[in-house]
There are 2 protein chains.
Amino acid sequence: MPDSHYGQPRYRAIANDLRRRILSGALPQGALLPAESSLTVELRASRGTIRQALAILREEGLIITEHGRGTYTNPNISGRDQLAKLETRRRLVPADQELASLFAIEVGAALVEQQRIMRTGGVTEEVVRSYQLPLVADDT
Amino acid sequence: MPDSHYGQPRYRAIANDLRRRILSGALPQGALLPAESSLTVELRASRGTIRQALAILREEGLIITEHGRGTYTNPNISGRDQLAKLETRRRLVPADQELASLFAIEVGAALVEQQRIMRTGGVTEEVVRSYQLPLVADDT
DNA sequence: AGAAATTTGTCCGTATGTATC
DNA sequence: AGATACATACGGACAAATTTC
């Protein structure tokens, strides 16, 4: 049965579980995770669901998977998980003179700013800010 | 049958197909894609495979999916994927408060700013500014 | 070197839950 | 309320890469 998911899909709960294991140190850096087939038994989920959970952690850079070998925890996760969350931010900012000119809007008009922070070992390497015109959602 | 994939997984070929349709304009910006169930028929793949393909395009920001509604092409693309001819500029700028905090430098200290302007037909779609610490010759 | 076992990758079909029209 | 569409989940099958014996 597809379970009554929603509110918290199974694969997300599993991802959270595994993420805790990694960040808590229960799974040391570079450690090999149990095989997907083992996780299906341990976590009582189908392999597809397990793989969905692993895909999340892979996206977050917490794990690395190699075909035929297995899945490891990323050997260098110096940055906390919270950092990853703060990596990107999206907000409305007033256009400065140059942006206003480029977008052909008035100075001070709202622009969507997306900021991404790239760190290495906790050190900020680069900050990227992209600006776009806000989407105007029209009603029906 | 799991088909003889590999060399080019099915979901990737499908993603490429759909990406072409979008970038070529066959699927205009904001257009509603056929339902996943329709794509299974048209592209002869299971829904899971179709969804894998859509996940790629979603990741690329080419499409937007809404539960119960459908999947659209992103109303404002073109700023990202292709589109060469981007104007770039590089200069030193004083760090604002946030940048100073992120780079652990003082407010007003110099940062290298690289600005790229993405246009489509003369219209500015996106402005990207990246900030880095200036390179300084230091000892080892 | 080679065969077998292990592990991840891909794909299918089906069923059910939830959101939207 | 019904139809449509996306989301989640299961189980099975085979392909490909890696490791082990």
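Residue numbering restarts at 1 for every chain, and letters A, B, ... go by the order of the sequence lines. Here the structure is a predicted model, which means the values were calculated and not measured.
- In terms of heavy-atom proximity, Tyr11(B) sits nearest to Ala53(B) at O-CB, 3.2 Å.
- Between the CD1 atom of Ile56(A) and the P atom of dA7(D) there is a distance of 14 Å, rounded to whole Å.
- Side-chain N/O atoms of Arg10(A) include one lying less than 4.0 angstrom from OP1 or OP2 on dC10(D).
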Checklist entry - For DNA chain C, what string of dots and brackets results from 5' to 3' when Watson-Crick and G-U pairs need both distances under 3.5 Å, crossing pairs get [ ], and pairs with another strand get |? => result .||||||||||||||||||||
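- Taking both residues in full, the closest heavy atoms of Pro94(A) and Gly108(A) are given as CB-O, 3.5 Å, listed atom of the first, atom of the second, then distance.
- Just one of Leu54(A), Ile56(A), Asn74(A), Leu27(A) meets the side-chain contact (heavy atoms from CB on, under 4.5 Å) condition when paired with Ile63(A); it is Leu54(A).
- The minimum heavy-atom distance between Ile64(A) and Pro75(A), with the atom names listed, is CD1-CD, 4.0 Å.
- Below the 3.5 angstrom threshold, one finds a donor paired with an acceptor across the side chain of His67(A) and the base of dA16(D).
- In the set dA5(D), dT8(D), dT8(C), dT8(C) carries the atom at the smallest distance from any side-chain atom of Glu36(A).
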Next on the checklist: Is there a side-chain contact (heavy atoms from CB on, under 4.5 Å) between Leu62(B) and Thr73(B)? Walk through the geometry before answering.
Outcome noted: CA-CA 6 Å; Leu62(B) 284 177; Thr73(B) 62; over 6 Å; no
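- The CD1 atom of Ile63(B) sits 10 Å away from the P atom of dC6(D) (whole-angstrom rounding).
- Arg129(A) pairs with exactly one of Val128(B), Val127(B), Leu99(B) by the side-chain contact (heavy atoms from CB on, under 4.5 Å) rule, that one being Leu99(B).
- Phosphate proximity of dC11(C) to Tyr11(B): absent, as no side-chain N or O sits under 4.0 Å from OP1 or OP2.
- Atoms CD (Glu66(B)) and P (dT20(C)) sit 8 Å apart, rounded to a whole Å.
- Distance Leu32(B) CG to dT4(D) C1': 12 Å, rounded to the nearest Å.
- Taking a 4.0 Å limit (strictly below) on heavy-atom distances, residues 45-52 of chain A reaches DNA chain C at Arg47(A), Arg51(A).
- Residue Glu42(A) qualifies as enclosed at atom CD: its count of foreign heavy atoms under 6.0 Å is above 12.
- The hydrophobic clustering, which links ILVMFWY residues whose side-chain heavy atoms are closer than 4.5 Å, places Leu102(B) and Ile105(B) together.
- Leu111(A) and Leu133(A) get closest at one heavy-atom pair: CD2-CD2, 3.7 Å.
- Leu54(A) places its CG atom 14 Å from the P atom of dA9(D), with the value rounded to the nearest Å.
- Between the CZ atom of Arg44(A) and the C1' atom of dG11(D) there is a distance of 17 Å, given to the nearest Å.
- The separation between Gln8(B) atom CD and dC11(C) atom P is 9 Å, rounded to whole Å.
- Along DNA chain D, the nucleotide closest to Tyr72(A) and the one closest to Leu33(B) are compared, and the more 5′ of them pairs with Leu33(B).
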